[in-house]
Participant: 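Below you'll find the structure I mean.
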Amino acid sequence: MPYVVTERCVNSKYTDCAAVCPVQCIYEIDDPAMVVIDPDVCIDCHLCVAECPVHAIYADHEVPEPYKSWINRNRELVPRGRNLTEEREALPGALTLDQVQELERQRGWDVLEPADS
Ligand code: SF4
Ligand code: F3S
C-alpha cells in the first residue's frame, strides 16, 4: 500500500513532504515539475500526507478516480528523478488548495481529500 503523489503537485512542488519522509523515498522530477514516491521503498508511514499544502499525496487504494494513472506514473518516473530529502522553496506560482479544488471542479471532477490530511 505505498503512497502516491498525484497531479496536484505538478508545478507547485512545495517539498514539505521530502523533509519528513523517514526513508527518503521521494524523488524530484523536472518534467512534469513535481515529486514522486518510490513505491518499493515507501513504508506507508503516512507522515507526508498532512505535510502537503495541496493534499497531493494519497495511499494507493485511496487515490481518487481522476488521479488513478499516477499510481503507475510514480513508479515509472522514479528512475529519472533526483532523491529529495529537504524542504525547498515551492515553485513560483504554486497553487493553493482552494485553487487546486477550483480547477478540479472546472474539470467536472469530484475529488475527495486524502484521509487525515
Ligand atoms: Fe515517505 Fe512515509 Fe510518505 Fe511513504 S508514507 S513517502 S515512507 S513519508
Ligand atoms: Fe508536492 Fe505536496 Fe510534496 S506539492 S512536493 S507532494 S508537499
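The structure displayed is predicted, hence computed values, not measured ones. Note that ligands are numbered from 1 as they come in the structure, with each ligand's atoms numbered from 1 the same way. Count residues from 1 along the sequence.
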Participant: Salt-bridged, Arg8 to Glu104, with N to O below 4.0 Å?
Facilitator: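 Answer for the salt bridge query: yes.
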Participant: Would you mind listing which atoms of ligand 1 come within a distance below 4.0 Å of any non-hydrogen atom of Val23?
Facilitator: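 Within the 4.0 Å cut-off of Val23, ligand 1 contributes 7 (S).
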Participant: Kindly give the heavy-atom pair with the smallest separation between Ile26 and Cys21, and that separation in Å.
Facilitator: CD1-CB, 4.0 Å
Participant: So, are Arg82 and Asp30 salt-bridged, with charged N and O less than 4.0 Å apart?
Facilitator: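 Judged by the 4.0 Å cut-off on N to carboxylate O distance, Arg82 and Asp30 do form a salt bridge.
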Participant: Please give me the minimum heavy-atom distance between Val63 and Lys68, naming the atom from each residue.
Facilitator: O-NZ, 2.8 Å
Participant: Without swapping roles, check the side chain of Asp38 against the backbone of Cys25 for a donor-acceptor pair under 3.5 Å.
Facilitator: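 No; zero donor-acceptor contacts below 3.5 Å.
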Participant: Are there any protein N/O/S atoms under 2.8 Å from atom 3 (Fe) of ligand 2, and if so, which?
Facilitator: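 Atoms qualifying: Cys17 SG.
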Participant: Just heavy atoms, cut-off under 4.0 Å: does Ile43 contact ligand 1 by side chain, backbone, both, or neither?
Facilitator: both
Participant: Quick test of your reading: applying ring pair (Phe, Tyr, Trp, His ring centres under 6.0 Å), list the pairs with at least one residue in residues 60-97, sequence neighbours left out, ordered by first then second residue.
Facilitator: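 Qualifying pairs: Tyr67-Trp109.
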Participant: What residues form a ring-ring contact (aromatic ring centres under 6.0 Å, His included) with Tyr3, not counting sequence neighbours?
Facilitator: His46
Participant: Give the atom numbers and elements of ligand 2 that come within less than 4.0 Å of a heavy atom of Val54.
Facilitator: 4 (S)
Participant: So, the side chain of Asn83 versus the backbone of Gln24: is there a donor-acceptor pair under 3.5 Å, distance only?
Facilitator: yes
Participant: Using a 6.0 Å cut-off, check whether atom CG of Asp110 has over 12 heavy atoms from anything other than its own residue.
Facilitator: no
Participant: Using a 6.0 Å cut-off, check whether atom CD of Gln106 has over 12 heavy atoms from anything other than its own residue.
Facilitator: yes
Participant: Does any N or O in the side chain of Thr15 come within less than 3.5 Å of the main-chain N or O of Ala18, such that one atom is a donor and the other an acceptor?
Facilitator: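 Checking the backbone N and O of Ala18 against the side chain of Thr15, no donor-acceptor pair under 3.5 Å is found.
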Participant: I need the protein N, O or S atoms closer than 2.8 Å to atom 3 (Fe) of ligand 1, given as residue plus atom name.
Facilitator: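 For atom 3 (Fe) of ligand 1, the protein N, O and S atoms that sit under 2.8 Å away are Cys48 SG.
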